[in-house]
Amino acid sequence: MARTRLIKPGFFESDQIGEVSFCARLLFIAMWQIADRCGRLERRPAKLRAYAFRYDAVSVADVQALLAELEHSGLVKTVEFDGLNVIEIPTFTKHQ
């Protein structure tokens with residue numbers, strides 16, 4: 001379920017955000033919309049592709065590479081939660 005979330009103006013001034021590709025930034029923003037209150041969402045690349053890139057020629061493999069890019073930058077991390085692989089946005093609660 002998508003939620004209404006705000007992206008603060010400072011998002012676009014962040015050096016950490018500026019170091020990832022345009023598509024990774026778009027995926028990151030989309031992930032904020034479907035994350036739970038703690039900034040976690042299931043690590044399902046096909047579902048993320050359908051949500052964030054529904055009208056674009058972006059494959060599931062592309063989304064997996066974008067997730068790796070976001071992890072490498074420290075913007076997200078994959079953890080196990082309740083027996084599932086989930087993506088966690090470490091700074092989520094700070095900004096929401």
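Counting begins at 1 with the first residue of the sequence.
Side-chain contact check for Phe53 versus Asp62: every heavy-atom pair is 4.5 Å or farther apart. A heavy-atom distance below 4.5 Å is found between the side chains of Leu48 and Leu27. Taking 4.5 Å as the limit, some side-chain heavy atom of Gln64 sits within range of a side-chain heavy atom of Pro45. Contact annotation: the side chain of Ile89 approaches that of Trp32 to within less than 4.5 Å [non-hydrogen atoms, C-beta and beyond].
Residues Pro90 and Gly74 approach most closely at CG-O, 4.2 Å, considering heavy atoms.
Checked by atom type and distance alone, the side chain of Arg5 pairs as donor or acceptor with a backbone atom of Ala35 at under 3.5 Å. Side chain of Glu80 to backbone of Val86: no donor-acceptor contact under 3.5 angstrom is found. At least one donor-acceptor pair under 3.5 Å links the side chain of Asp36 to the backbone N or O of Cys38. Within the 3.5 Å criterion, the main-chain N or O of Val20 finds a donor-acceptor partner in the side chain of Arg25. Of the possible polar contacts, none joining the Ser14 side chain to the Phe11 backbone as a donor-acceptor pair under 3.5 Å is found.
Summarising the geometry, atom CD belonging to Gln33 is positioned 7.0 Å from atom OG1 belonging to Thr4; distances are rounded to the nearest 0.5 Å. Separating the CZ atom in Arg44 from the CZ atom in Arg49 is a distance of 13.0 Å, to the nearest 0.5 Å.
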Report task. Start with the C-alpha gap between Leu66 and Phe28, add the side-chain angles, then the distance that decides, and say whether side chain to side chain contact (heavy atoms under 4.5 Å, CB included) holds. Result -> CA-CA 9 Å; Leu66 294 170; Phe28 188 57; over 6 Å; no
Report task. Check step by step if side chain to side chain contact (heavy atoms under 4.5 Å, CB included) holds for Glu88 and Val76. Result -> CA-CA 6 Å; Glu88 185 174 88; Val76 302; over 6 Å; no
Query raised in the report: For Phe92 and Arg40, what are the C-alpha separation, side-chain angles and deciding distance, and is it a side chain to side chain contact (heavy atoms under 4.5 Å, CB included)?
Result: CA-CA 9 Å; Phe92 188 83; Arg40 291 185 297 254; over 6 Å; no
Report task. Would you please test Ile87 and Lys77 for side chain to side chain contact (heavy atoms under 4.5 Å, CB included) and show each step? Result -> CA-CA 6 Å; Ile87 298 166; Lys77 61 183 179 178; over 6 Å; no
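One hydrophobic cluster, built from ILVMFWY side chains closer than 4.5 Å, cannot hold both Leu84 and Leu41; they sit in different ones. Residues Ile34 and Val79 do not share a hydrophobic cluster, clusters being chains of Ile/Leu/Val/Met/Phe/Trp/Tyr side chains in contact below 4.5 Å. In the hydrophobic clustering of this structure, Phe81 does not group with Leu70; members are Ile, Leu, Val, Met, Phe, Trp, Tyr whose side-chain heavy atoms approach within less than 4.5 Å, directly or through other members.
The only member of Leu26, Leu67, Leu75 that meets side chain to side chain contact (heavy atoms under 4.5 Å, CB included) when paired with Met31 is Leu67.
No hydrogens or angles considered: a donor-acceptor pair under 3.5 Å links the side chains of Ser21 and Glu69.
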